[in-house]
Amino acid sequence: LTLALGIGATTAIFSVLNAVVLEPVSVSEPDTLVQLVNTVNGAPNDTGASVETYSYWREQTDVIEDVAAYGSVSVNYTGGDRPERVAASEVTALYFRAFRARMVMGRSFTADEDLPGAPKVAVVSYGFWLQRLGSDPDVIGTTLWLNEVPHTIVGVTAPEFDTRELGNVDLWMPLDPNTVGSFLSVAARLRPGISLEQAQARLEASTAAFRERVGPSMRADVGFGAVLFKDAVIATGSGSLFRNDPRGFLWLFVGAVALVLLIACANVASLTLAHASARERELAVRSALGAGRWRIVRQLLTESAIISGIGALLGLALGFSGIQALLATNTAGLPRLGRDGALLVMDWRVLVFTSAISIATVIISGLLPALAASRGDQNAVIRYSKSQSTIGLKKNTTRSAVVVVQISLAMVLLIGAALLIRTTVALNAIDPGFNVDDVV
């Protein structure tokens with residue numbers, strides 16, 4: 001149970017880190033897909049772009065290609081049994097090419113549909129076609145009523161086009177070229193042979209020409225750049241800016257729960273040492289009958305492995321179910337977890353991680369007690385009666401060292417927790433600069 005708590009806490013936090021940071025993005029050829037960004041003093045700041053900015057980025061064809069703008073919207077769909085709101089996206093014609101989205105029926109948008117006054121058309125996802133359009137094989141050319149405006153369906157995306165990283169989009173419409181504001185996201189592909197660093201340098205150098213075009217409305221410290229699409233998804237999840245990148249504190253949490261696991265291992269090592277002391281006569285008899293030191297060590301390690309294995313299974317179930325329950329209450333604004341943590345999965349990385357730390361617990365909590373129990377004068381142990389204490393100075397020293405390590409690690413966690421609580425209290429006490437009494 002002690003190991004289950006330590007392994008469970010570690011597994012829980014690692015599963016979140018895996019989903020947010022380690023899991024590859026669900027797009028084809030992710031290493032060449034970039035998000036074009038605004039920079040401040042050369043550092044990525046935000047992904048918001050206007051139609052004018054997007055049009056300028058499309059001209060940087062020496063380093064990027066398939067430049068596409070898109071913006072999330074929510075529309076009223078009134079063609080089913082009852083009206084409902086569905087997640088949609090307004091996109092430019094190269095959107096599906098940029099994300100390497102194949103059509104299972106029909107086609108994607110054309111360049112003419114990017115122009116003002118173009119016919120109202122739509123592309124629907126495979127899931128939308130299955131669930132809301134009844135898998136109609138003749139769906140191409142039919143009418144879809146969105147916001148009480150008829151749209152002609154021109155395509156259905158293939159089932160492998162995963163839109164989880166794009167807001168679980170159900171359908172797409174052409175972007176209105178007269179859109180006002182800087183809320184668009186812009187994705188592009190690196191041209192063959194062009195590295196991310198080269199694209200960043202070229203986009204930064206192109207800022208001066210754009211500043212001349214728009215005049216003083218653009219700040220002097222603002223520039224253009226590019227980041228990998230995965231980095232943009234992580235850093236700008238839930239509307240946060242790049243300076244609120246969650247990767248730093250997720251790794252910090254992993255370090256904190258690793259200390260919890262070490263404390264659990266030290267606790268188990270102490271219990272194992274005490275148990276081994278009670279078995280000194282048994283181990284001495286085994287040694288006298290011919291068992292070598294490493295044979296005894298292997299026996300004790302096997303026993304530790306069984307305990308750690310059971311602890312790992314319990315910890316995996318406890319940690320994963322616990323973190324899912326916690327995320328169902330609050331995802332803390334972390335990206336890539338889906339609604340109520342629905343995208344959190346127990347994949348091979350989580351299983352390998354749990355297996356690795358269970359092996360580590362065997363080594364940490366079992367090896368030291370096994371070595372301590374296997375050394376010493378076995379003849380003296382047998383000679384003395386069972387009631388007499390035969391624990392030597394070395395075993396006392398080993399047990400004391402384990403206790404010191406355990407208390408030291410616990411103090412580190414307690415001090416860190418106290419500082420975190422103090423910081424939280426201090427943040428809540430900050431004066432916002434206006435009277436918040438009775439303000440809802």
Side-chain angles (χ1 to χ4, degrees), residues 27-28 33-36 47-61 64-80 83-129 132-133 136 138-159 161-189 229:
V27 295
S28 300
L33 182 63
V34 296
Q35 193 90 34
L36 304 186
T47 59
S50 64
V51 171
E52 187 176 16
T53 305
Y54 153 70
S55 299
Y56 181 74
W57 282 340
R58 283 190 63 185
E59 300 171 8
Q60 313 308 311
T61 55
I64 53 177
E65 60 184 6
D66 299 339
V67 183
Y70 57 99
S72 297
V73 294
S74 182
V75 297
N76 289 325
Y77 167 59
T78 54
E84 60 179 315
R85 298 288 284 179
V86 297
S89 188
E90 294 181 332
V91 305
T92 55
L94 292 178
Y95 173 89
F96 297 101
R97 184 169 169 179
F99 286 98
R100 303 295 190 256
R102 185 176 63 86
M103 297 293 141
V104 72
M105 285 191 291
R107 60 169 177 84
S108 59
F109 299 140
T110 64
D112 290 341
E113 288 161 345
D114 274 349
L115 301 176
K120 299 292 184 181
V121 294
V123 169
V124 299
S125 69
Y126 190 83
F128 188 91
W129 174 70
R132 293 182 177 89
L133 301 180
D136 182 5
D138 300 318
V139 71
I140 302 301
T142 60
T143 300
L144 198 66
W145 286 86
L146 305 174
N147 291 338
E148 300 183 355
V149 176
H151 290 68
T152 302
I153 299 177
V154 296
V156 178
T157 60
F161 182 42
D162 192 339
T163 64
R164 288 178 299 173
E165 312 287 3
L166 301 167
N168 292 311
V169 181
D170 289 316
L171 55 91
W172 297 264
M173 303 172 292
L175 177 69
D176 184 353
N178 297 317
T179 298
V180 177
S182 299
F183 65 90
L184 298 176
S185 297
V186 180
R189 290 283 175 174
F229 180 75

Exercise: identify the closest heavy-atom pair between [X] and [Y]:
X    : Y    : value
I64  : L36  : CD1-CD1, 3.9 Å
D112 : A118 : O-CB, 3.6 Å
V67  : A188 : CG2-CB, 3.9 Å
R132 : Y77  : O-OH, 3.8 Å
A122 : L146 : CB-CD1, 4.5 Å
Q35  : S185 : NE2-CB, 3.3 Å

Heavy-atom check, side chain of [X] versus side chain of [Y], under 4.5 Å:
X    : Y    : result
F229 : V34  : no
V139 : M105 : yes
T157 : V123 : yes

Please answer whether the main-chain N or O of [Y] pairs with a side-chain N or O of [X] as donor and acceptor at a distance below 3.5 Å.
X    : Y    : result
T163 : L166 : no
T92  : A69  : yes
T53  : A49  : no
S50  : S182 : no
N147 : V75  : no
R189 : A98  : yes
Q60  : W57  : no
R85  : S74  : yes

Task: Lys/Arg N to Asp/Glu carboxylate O, R97 vs E65, below 4.0 Å - done: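 Result for this pair is no, no salt bridge flagged.
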
TODO: Could you tell me whether R100 and D66 have a side-chain N and a carboxylate O separated by less than 4.0 Å?
DONE: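 Here R100 pairs with D66 in a salt bridge, since their nearest N and O are under 4.0 Å apart.
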
Task: S89 OG to D170 CG distance, which is reported to the nearest 0.5 Å - done: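 CG of D170 is found 11.0 Å from OG of S89.
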
TODO: Taking the six-membered ring for Trp and the single ring otherwise, decide whether the centroids of Y70 and F183 are under 6.0 Å apart.
DONE: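 Centroid separation for Y70 and F183: 6.0 Å or greater.
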
- [ ] Report the C-alpha distance between L144 and V124 in whole Å, list the side-chain angles of each, state the deciding distance to 0.1 Å, and finish with yes or no for side chain to side chain contact (heavy atoms under 4.5 Å, CB included).
- [x] CA-CA 10 Å; L144 198 66; V124 299; 3.9 Å; yes

TODO: Say whether Y95 and W172, considering side chains only, have a donor N or O and an acceptor N or O under 3.5 Å apart.
DONE: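 A donor-acceptor contact under 3.5 Å links the two side chains.
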
Open item on the list: Using ring-ring contact (aromatic ring centres under 6.0 Å, His included), reason through F96 and F109 one step at a time and then give a plain yes or no.
Closed with: CA-CA 8 Å; F96 297 101; F109 299 140; 5.8 Å; yes

TODO: Please name all residues satisfying side-chain contact (heavy atoms from CB on, under 4.5 Å) with E90, sequence neighbours left out, ordered by chain then number.
DONE: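 Result, side-chain contact (heavy atoms from CB on, under 4.5 Å) vs E90: V73, M173, L175.
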
